[in-house]
Amino acid sequence: VTVERTVEAQRIQSDAAIAAFVAEHYDRLLRMARLICRDTSDAADAVQIGLEHAWRRRTTLRDDARIQPWLDRIVTREAVRISKSRQSWLSRLFTPRPGVTWIEPPDRQASEPPTFVALRAAFERLSPEHRAVVALHMHFGYSVAETALMVGAPEETVRSRLRVAKQRLRHELEESRP
Amino acid sequence: MTDHLRDDQLDHDIRRFLAWRAEDIAEAPTATEVAMGIRARSAARRVVLGIPSQLAWLLIAALLALGLIGAAVVGANLLRDGRALVVVDPTPTAAPIAGSLPAEQKAVIARHVAALNSRVAEAFVGVFADDGAFNPRGDFAASSSQFGRTLPIADRALVEPFMAINEAWGFAGEVLTCDQLARTEYADLYRVYSEGDVYGHCAVKSQWPTLSLEMDEWWSFEFRGAIILWWGQTVRDADPLDRTLPLGLAGLLEWEAWLESTDPDAAARLLNPRVYPVTVPCRSGRVFTDEAHATTAPPEPPCEFSADDVDVERITSNDYGSGESDWVIAGKRFHPSALIPYDVALADEIQASIEEFLVR
């Protein structure tokens with residue numbers, strides 16, 4: 001009975017630790033993944049997989065202070081991976097045809113400022129890797145060097161991705177203005 | 001009409017948009033739901049790995065033993081009755097192959113790939129001519145071939161180890177397009193041909209999931225009617241942008257460098273240094289079977305690489321490079337090419353190391 005109680009106590013302790021771990025990081029990581037993935041469902045998948053992976057490997061982290069960038073890196077890469085696999089499936093199912101425009105439901109269009117409508121269209125046309133560097137650098141405030149570490153690419157590649165992404169967003173934004 | 005946005009205004013607009021988009025998470029599961037999911041899977045792992053698992057493993061082992069004994073009895077009865085075991089020809093399930101190669105040969109390639117992907121050796125052998133051969137991405141010591149990177153299909157006993165290598169790396173090929181080449185075009189491209197009558201040149205997406213590796217390849221096929229005389233592979237794109245697995249060849253080399261710097265002992269055990277002959281022509285290592293063509297062909301340019309220069313370009317530029325060490329698979333000694341030189345017996349450890357590298 002004592003052993004069973006000990007095991008049960010350990011299980012409760014472990015469950016509480018998982019809950020606390022997820023609660024501490026989930027919202028931030030979900031927002032990060034949402035900026036990279038095309039939809040919320042993929043973003044949630046990326047975070048769930050990333051957090052589970054991180055939970056199993058948390059004991060390998062030497063410095064607790066580095067947990068946030070470590071998690072950000074895991075989830076960023078998972079979000080890019082999921083987005084690319086979805087992209088591949090989509091591209092196989094629906095052969096890309098130039099000139100095809102996705103029509104959004106009217107209620108969604110009405111709720112978005114015109115600037116965001118234009119930026120959203122351009123942002124979603126960027127590759128997951130481009131979306132990742134824009135999100136990490138421009139929203140989460142990581143430097144170019146830190147972003148390069150996050151996405152596993154050379155700094156010059158990150159600068160190039162940022163430059164290309166901003167050019168495309170600028171083009172869409174300028175075209176949309178009256 | 002458009003007017004030019006100032007940089008600071010653009011940055012401001014993008015940041016506002018990102019902040020707005022990041023809040024579009026209303027439909028996501030809650031943190032509590034995610035924690036419950038992780039907890040459930042952790043608990044499942046605990047059950048599998050904990051004390052109850054010992055009983056579970058014993059039960060599984062007992063069932064497996066019973067299954068093996070049953071299969072042996074059935075097999076022995078079948079053999080005694082003189083009946084052969086029926087080998088099911090795997091059904092190609094991939095999308096139709098595009099390109100100018102005639103449908104008859106495309107259908108053969110589809111069966112070839114299905115057999116390869118499902119590791120059905122009988123079906124794999126069945127699409128080849130009796131005197132056919134292929135590049136097994138290395139050399140078996142027991143091969144009867146006079147040529148490197150050539151395994152005659154007649155060496156039937158070596159096809160199973162070849163399949164086992166593919167199984168260890170989880171290999172899967174997807175043929176995208178196959179074009180028919182004229183004999184001279186094919187010879188110019190591959191510097192070699194058999195006395196076939198149809199020459200196929202196929203773009204293929206190749207994946208080795210155990211290594212998280214994906215590359216685009218050209219596969220060459222030489223046909224006699226609807227049977228394959230030769231199948232070979234060359235790298236088309238070592239780091240395809242549209243790959244779905246994390247690593248291209250450059251990434252795989254990065255993993256090797258990372259392992260060497262972080263854990264030299266593991267690197268010494270898991271890796272297999274690539275070696276190259278000092279002077280080789282830069283193109284295919286196969287020989288002309290057409291002597292007239294061979295005598296008129298221009299000499300091959302020498303490769304311009306330093307002795308210790310091992311990189312993506314060198315690995316993919318010719319097929320002479322190989323792993324320094326050979327190893328044994330299913331009792332057969334195998335000398336791997338430079339592309340994937342690792343010992344398949346270490347596949348689990350290599351996979352774990354690559355996964356660690358990917359999340360570092």
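One distance of note links CE of A:Met138 with CG of B:Asp11; it measures 4.0 Å at 0.5 Å rounding. Within the model, atoms CG of A:Leu29 and CD1 of B:Ile25 stand 11.0 Å from one another, a figure rounded to the nearest 0.5 Å.
Smallest separation of non-hydrogen atoms from B:Thr30 and A:Tyr26: C-CE2, 3.8 Å. Here the closest non-hydrogen pair linking A:Ala23 and B:Ala31 is CA-CB, 4.3 Å. Nearest approach of B:Asp24 to A:Thr40, heavy atoms of both residues: O-OG1, 3.1 Å. The shortest non-hydrogen separation linking A:Leu169 to B:Leu10 is C-CD1, 4.5 Å. Across A:Trp55 and B:Ile38, no two heavy atoms sit closer than the pair CD1-CG2, 4.4 Å. Residues A:Leu119 and B:Asp13 come closest through the heavy atom pair CD1-O, 3.6 Å.
If you tally non-hydrogen atom pairs under 4.5 Å between each of A:Leu30, A:Thr115, A:Val47 and chain B, the highest count goes to A:Leu30. The choice from B:Glu23, B:Arg243, B:Glu27, B:Glu254 that makes the most heavy-atom pairs within less than 4.5 Å of chain A is B:Glu23. In terms of heavy-atom pairs under 4.5 angstrom with chain B, the leader among A:His25, A:Glu78, A:Arg77, A:Arg73 is A:Arg73.
For A:His53, the part sitting under 4.5 Å from any heavy atom of chain B is the side chain, from C-beta outward, and nothing else. Proximity to chain B (any heavy atom under 4.5 Å) is shown, for A:Leu51, by both the backbone and the side chain. Heavy-atom distances place the backbone of B:Leu241, and not its side chain, under 4.5 Å from chain A. Of the two parts of A:Ala43, neither the backbone nor the side chain holds a non-hydrogen atom closer than 4.5 Å to a non-hydrogen atom of chain B. With a 4.5 angstrom heavy-atom cutoff, A:Phe21 does not touch chain B via any of its atoms. Neither the backbone nor the side chain of B:Gln9 comes within contact range of chain A; no heavy atom of the residue lies under 4.5 Å from a heavy atom of that chain.
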Might you work through the salt bridge (Lys or Arg N to Asp or Glu O under 4.0 Å) test for B:Arg21 and A:Glu124, ending with a clear yes or no? CA-CA 11 Å; B:Arg21 183 183 165 103; A:Glu124 288 183 0; 3.1 Å; yes
If you apply the rule salt bridge (Lys or Arg N to Asp or Glu O under 4.0 Å), what do you find for B:Asp7 with A:Arg170, and how did you get there? CA-CA 9 Å; B:Asp7 282 348; A:Arg170 172 193 289 279; 2.4 Å; yes
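Using cut-offs of 30° and 60° for the angle between ring planes, the B:Trp20 and A:Phe116 rings count as tilted.
With a 4.5 Å cut-off on side-chain heavy atoms, B:Leu18 and A:Leu35 count as touching.
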